[in-house]
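Remarks on the structure that follows.
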Amino acid sequence: MDWTQARYIVEVEARREPAVVKHRLEACPELEGALSGRLALWVTELRCPRTLLSRQVLSREPEQAIKMDGDDVVGDAFLIPGLVAVRDLELDPSGLNRFVWPSDERVRVPAGWWLARGDPRSTRPLTASLVRFRRDSDGRLGPGQMLVEEDSDGGLPFFRVTLAKELFDKRRDDRDVQIAGLVGACGRLPRSTLRDDGENAFNTVTLQLQARFEEAGIPDWNADDFDPAHAATVLEAFSQPLVEEEED
């Protein structure tokens, strides 16, 4: 909202160790000047709610490798990319929104302030953040059965998919079992805390899911025509047909 033409674009690949973050600025000579003058640096903040970790990694180069190994990162973790001032500086206001920033006054920015900031990115795949499989240790389920319940971990919502003992022990890694659990989780979304009036309506997982469905051109769980099976297979498609279809 501050810049009229500038764009901050970031790519994050967190499926492997170390995570790779690529920053890019477009149409923003004021911030590019701060970078070239070493008044600002690229930054990625690593946060882990379970261990209360918050660590910033600074770089002069637009591509960063972020290490996430060790005991500091347990469970879900997030990468927050951006650009930060490392010295007190003044910005030329010519590229800023004139209804907010006076055009005749330079903007003073203290060291440590973020000049650009991207959305938090989970270090785990979206489906791994949404669904977690557990073994039925209480004997509640009969052979071959599955149960899906909403749960949370450090404020992050997810769906716990409980599998009957022998199903968990023998087939928990089967693609069809995993997608069946994901379909069940999607089926619970309309009645979950992720719905529009729920306490997790603006959670990171919620926003990522909505973005994926919007990108795929399908309704989300707040719509009457939401299809859990379609939604689940947009997130994780079947790798091959379960049975061969016979032609008439």
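Along the sequence shown, residues are numbered consecutively beginning with 1. FYI, side chains are in, hydrogens and waters are out, and symmetry mates aren't considered; it's all heavy atoms of this structure. Please read these numbers as outputs of a predicted model, since none were measured by experiment.
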Exercise for the section: Could you walk me through whether Glu214 and Asp220 pass the side-chain contact (heavy atoms from CB on, under 4.5 Å) test, one step at a time? Expected result: CA-CA 8 Å; Glu214 182 179 357; Asp220 68 21; over 6 Å; no
Exercise for the section: Let me see the working for Leu126 and Leu209 under side-chain contact (heavy atoms from CB on, under 4.5 Å), right down to the final yes or no. Expected result: CA-CA 8 Å; Leu126 178 56; Leu209 276 175; 3.8 Å; yes
Handout entry: Trace of the side chain to side chain donor-acceptor pair (under 3.5 Å) decision for Gln64 with Ser59
Key = CA-CA 7 Å; Gln64 293 183 276; Ser59 174; 4.7 Å; no
Problem - Leu167/Arg172 under side-chain contact (heavy atoms from CB on, under 4.5 Å): CA gap, chis, key distance, verdict - result: CA-CA 6 Å; Leu167 184 59; Arg172 70 176 181 270; over 6 Å; no
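The heavy-atom pair separating Ala232 from Leu182 by the smallest distance is O-CD2, 3.4 Å. In this structure, Pro228 and Cys186 approach most closely via the heavy-atom pair O-CB, 3.7 Å. The two residues Ala65 and Pro18 make their nearest non-hydrogen contact at CB-CG, 4.0 Å. Minimum heavy-atom separation, Leu83 to Ala40: CD1-CB, 4.1 Å. Closest approach of Phe159 to Ser192, counting heavy atoms only: CZ-CB, 3.9 Å. When all heavy atoms of Glu32 and Leu25 are compared, the pair lying nearest together is OE2-O, 3.8 Å.
The number of heavy atoms from other shown groups lying within 6.0 Å of CZ (Arg87) does not exceed 12. More than 12 non-hydrogen atoms from other residues, nucleotides or ligands lie less than 6.0 angstrom from CG of Asp104. When the shell of 6.0 Å around CH2 of Trp101 is examined, it contains 12 or fewer heavy atoms from other residues, nucleotides or ligands. No more than 12 heavy-atom neighbours from other residues, nucleotides or ligands sit within 6.0 angstrom of CD on Glu215. Atom CG of Asp119 is surrounded by 12 or fewer heavy atoms from other residues, nucleotides or ligands within 6.0 Å.
Using a 4.0 Å cut-off between charged side-chain N and carboxylate O, Glu61 and Arg24 make no salt bridge. By the 4.0 Å N-to-carboxylate-O rule, Arg195 lies close enough to Asp197 to be salt-bridged with it. Comment: Asp136 does not engage Lys165 in a salt bridge, judged by the lack of any side-chain N to carboxylate O separation of less than 4.0 angstrom. Between Arg188 and Glu149 there is no salt bridge, since no side-chain nitrogen of the basic residue lies less than 4.0 Å from a carboxylate oxygen of the acidic one. Taking a cutoff of 4.0 Å between a charged side-chain nitrogen and a carboxylate oxygen, Arg108 and Asp88 do not qualify as a salt bridge.
Using a 4.5 Å heavy-atom threshold, the side chains of Arg60 and Leu41 count as touching. Put simply, the side chain of Met146 does not reach to within 4.5 Å of the side chain of Leu141, judged on heavy atoms. When side chains are defined from C-beta on, Glu45 does not count as touching Phe78, because their heavy atoms never get closer than 4.5 Å. Considering only heavy atoms from C-beta on, Arg135 comes within 4.5 Å of Asp169 through its side chain. Side chains of Val10 and Lys22 form no contact here, defined as non-hydrogen atoms less than 4.5 Å apart. His23 has its side chain within reach of Pro81: a pair of non-hydrogen atoms, C-beta onward, lies under 4.5 Å apart. By the 4.5 Å heavy-atom criterion applied to side chains, Val73 and Leu53 are counted as neighbours. Side-chain contact between Asp176 and Arg171 is present, with at least one heavy-atom pair separated by less than 4.5 Å.
Val57 and Val84 fall into different hydrophobic clusters, defined by Ile, Leu, Val, Met, Phe, Trp and Tyr side-chain heavy atoms under 4.5 Å apart, directly or through other members. Criterion: ILVMFWY side-chain heavy atoms under 4.5 Å apart, direct or through other members. Under it, Ile218 and Leu207 are not part of a common hydrophobic cluster. Val148 and Leu156 end up in different hydrophobic clusters when Ile, Leu, Val, Met, Phe, Trp and Tyr side chains are linked at under 4.5 Å. Grouping the Ile, Leu, Val, Met, Phe, Trp and Tyr side chains by contacts below 4.5 angstrom, directly or via other members, places Val86 with Trp114. In this structure, Leu31 is not a member of the same hydrophobic cluster as Val43, with clusters built from ILVMFWY side-chain heavy atoms closer than 4.5 Å.
A donor-acceptor distance shorter than 3.5 angstrom exists from the side chain of Gln145 to the backbone of Gly142, with no hydrogens or angles considered. A donor-acceptor pair under 3.5 Å links the side-chain atoms of Glu150 to the main chain of Thr193, judged by distance alone. Between the side chain of Glu17 and the main chain of Met68, a donor-acceptor pair closer than 3.5 Å is present. Checking side-chain atoms of Arg134 against main-chain N and O of Val161 turns up no donor-acceptor pair under 3.5 Å. Counting only distance, with no hydrogens or angles, the side chain of Tyr8 and the backbone of Gly82 share a donor-acceptor pair below 3.5 Å. Checking side-chain atoms of Gln5 against main-chain N and O of Cys28 turns up no donor-acceptor pair under 3.5 Å. Proximity of a side-chain donor or acceptor of Thr4 to a complementary backbone N or O of Asn97 within less than 3.5 Å is not detected. A donor-acceptor contact shorter than 3.5 Å is absent between the side chain of Glu63 and the backbone of Val20. Side-chain atoms of Asn203 come within 3.5 Å of backbone atoms of Val205 as a donor-acceptor pair (strictly under, hydrogens ignored). Distance alone, capped at 3.5 Å, places no donor-acceptor pair between the Gln56 side chain and the Leu46 backbone.
Geometrically, Arg132 engages Phe158 in a cation-pi contact defined by less than 6.0 Å to the ring centre and at most 45° from the axis.
For the atom pair Leu89 CG and Glu30 CD, the distance stands at 12.0 Å (nearest 0.5 Å). Note that CG of Leu194 and CG of Asn200 are 5.5 Å apart. Values are rounded to the nearest 0.5 Å. The SG atom of Cys48 lies 10.0 Å from the CZ atom of Arg55; values are rounded to the nearest 0.5 Å. Taking OG1 of Thr162 as the reference point, atom CG of Asp138 lies at 8.5 Å (rounded to 0.5 Å). To the nearest 0.5 angstrom, Leu58 atom CG is 12.5 Å from Trp42 atom CH2. Rounded to the nearest 0.5 Å, atoms CG (Leu189) and CG (Asn222) are 9.0 Å apart.
Phe213 and Trp221 have perpendicular rings, their planes meeting at more than 60° on a 0 to 90° scale where under 30° would count as parallel.
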